[in-house]
Amino acid sequence: MEAVEMPLLEHKQFIHAPIEVCFDVARGFGIHPQTPLKGTGKTVGGLTEGLPGEGDCVTWECVNFGIKQRITSRIIFMEKPHSFVEKMVKGPFKTFIYIHQFIEEEKGTTMIDHIQYHLWLGPIGVLMDKWFLAKYFKKIIVTRSIELKEAAEKKTNQTFD
């Protein structure tokens with residue numbers, strides 16, 4: 001049987017805020033529940049408040065495509081304030097890894113999100129990904145990054161176009 005390559009999605013967002021603020025806002029709980037659909041996600045297990053660190057687990061309950069799901073992820077790597085990596089340890093995917101990177105710039109921070117995942121469904125999963133799943137995940141990371149930008153800039157009392 002031929003190995004199936006895992007999709008890799010990437011999104012970059014410039015934020016007019018210090019790297020430390022962006023890093024903390026990204027790992028906090030205020031942004032996740034609002035995406036991709038307002039009000040469809042909440043923390044239901046593990047760490048549910050504060051700022052998670054390496055080794056911490058969080059269980060999210062969310063609705064995707066009309067189906068309620070629980071996804072537990074663990075922060076498997078953290079290099080504050082430059083990057084952290086979340087890995088799904090329980091949920092609907094064979095693998096799901098979310099890499100968050102932060103690069104300090106002269107007037108703010110560039111945040112780069114990478115999502116890599118593999119479905120259980122073999123060739124059917126590959127078709128699902130091509131038809132709609134990759135677009136859905138891209139929408140999630142773009143929407144999340146815009147909300148994170150707004151929150152980080154508000155936190156530093158900066159307003160930019």
Side-chain angles (χ1 to χ4, degrees), residues 6-64 67-120 133-134 136-160:
M6 290 172 46
L8 176 62
L9 303 175
E10 181 180 289
H11 179 72
K12 292 182 183 182
Q13 177 74 54
F14 183 78
I15 304 169
H16 292 278
I19 191 170
E20 295 83 3
V21 171
C22 297
F23 186 83
D24 285 347
V25 170
R27 65 190 174 115
F29 294 103
I31 302 300
H32 294 274
Q34 284 74 43
T35 58
L37 303 170
K38 301 283 187 200
T40 62
K42 61 181 177 180
T43 54
V44 294
L47 190 67
T48 58
E49 58 184 40
L51 294 174
E54 190 169 332
D56 286 335
C57 280
V58 177
T59 300
W60 296 93
E61 186 174 88
C62 55
V63 178
N64 291 301
I67 302 167
K68 186 185 283 190
Q69 299 174 327
R70 285 193 176 203
I71 299 168
T72 301
S73 63
R74 177 184 309 276
I75 295 180
I76 61 168
F77 174 82
M78 181 176 289
E79 183 183 338
K80 190 175 182 179
H82 300 286
S83 66
F84 67 97
V85 179
E86 297 177 72
K87 181 178 182 182
M88 184 196 75
V89 294
K90 186 176 181 184
F93 297 91
K94 188 172 185 177
T95 57
F96 191 97
I97 299 169
Y98 196 153
I99 301 167
H100 309 264
Q101 292 180 296
F102 305 87
I103 301 168
E104 193 166 23
E105 307 282 355
E106 185 177 326
K107 294 186 178 186
T109 303
T110 297
M111 179 181 71
I112 307 170
D113 285 331
H114 307 268
I115 293 180
Q116 193 165 25
Y117 57 93
H118 189 233
L119 302 170
W120 287 105
L133 204 53
Y136 182 73
F137 283 136
K138 185 70 173 184
K139 182 178 179 179
I140 289 172
I141 63 174
V142 168
T143 302
R144 181 183 174 278
S145 73
I146 291 167
E147 291 182 5
L148 192 142
K149 173 183 171 61
E150 292 170 359
E153 289 177 354
K154 183 178 180 182
K155 191 171 189 134
T156 58
N157 295 319
Q158 298 178 10
T159 53
F160 296 86

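- Interatomic distance, CD1 of I97 versus NE2 of H118, reported as 11.5 Å (0.5 Å rounding).
- Aromatic ring centroids of F93 and Y98 lie 6.0 Å or more apart.
- By the 6.0 Å contact criterion, NZ on K138 is enclosed, its count of non-hydrogen atoms from other residues, nucleotides or ligands being greater than 12.
- Under the 4.5 Å side-chain criterion, counting only non-hydrogen atoms from C-beta, E153 is in contact with I15.
- Shown here for I146 and Q13, the closest heavy-atom pair between the two residues is CG1-OE1, 4.1 Å.
- Among the candidates I75, V85, D113, the single residue satisfying the side chain to side chain contact (heavy atoms under 4.5 Å, CB included) test with H100 is D113.
- Taking CE of M88 as the reference point, atom CZ of R74 lies at 12.5 Å (rounded to 0.5 Å).
- With sequence neighbours excluded, the residues that form a side chain to side chain contact (heavy atoms under 4.5 Å, CB included) with L51 are D24, R27.
- Here the OG1-CH2 distance, from T43 to W60, works out to 5.5 Å after rounding to the nearest 0.5 Å.
- Scanning both residues, A152 and V25, for their nearest heavy atoms gives CA-CG2, 4.2 Å.
- Annotation: side chain to side chain contact (heavy atoms under 4.5 Å, CB included) contacts of E105 (sequence neighbours excluded): F14, I103, T110.
- The minimum heavy-atom distance between P92 and I71, with the atom names listed, is CD-CG1, 3.7 Å.
- Atom CE of M78 is separated from atom CD of E86 by 9.0 Å, given to the nearest 0.5 angstrom.
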side-chain contact (heavy atoms from CB on, under 4.5 Å) between I140 and I115, worked out: CA-CA 10 Å; I140 289 172; I115 293 180; 5.6 Å; no

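- Ring orientation note: the planes of F84 and F102 are close to parallel, at an angle under 30° on the 30°/60° scale.
- In terms of modelled atom types and a separation under 3.5 Å, the side chain of T109 and the main chain of A17 share a donor-acceptor contact.
- Atom CG of L119 and atom CZ of F96 lie 10.0 Å apart (nearest 0.5 Å).
- Of all heavy-atom pairs between H114 and Q101, the closest is NE2-OE1, 2.7 Å.
- Within the 4.5 Å cutoff, no side-chain heavy atoms of M111 are placed close to those of C22.
- Here CD of E79 is found 9.0 Å from CZ of F23. Values are rounded to the nearest 0.5 Å.
- Smallest separation of non-hydrogen atoms from D56 and G53: OD2-N, 2.7 Å.
- T156 and P18 make their closest contact through CG2-CD, 3.4 Å (heavy atoms, listed as atom of the first residue, atom of the second, distance).
- Contact check for E20 versus K80: no side-chain heavy atoms found under the 4.5 Å cut-off.
- In this structure, the side chain of R70 does not engage the main chain of K90 through any donor-acceptor pair within 3.5 Å.
- At distances below 3.5 Å, not a single donor-acceptor pair connects side-chain atoms of T48 with backbone N or O atoms of V44.
- Here E150 does not pair with K154 in a salt bridge; the nearest charged N to carboxylate O distance is not below 4.0 Å.
- Between the side chains of E104 and H82, no donor N or O sits under 3.5 Å from an acceptor N or O.
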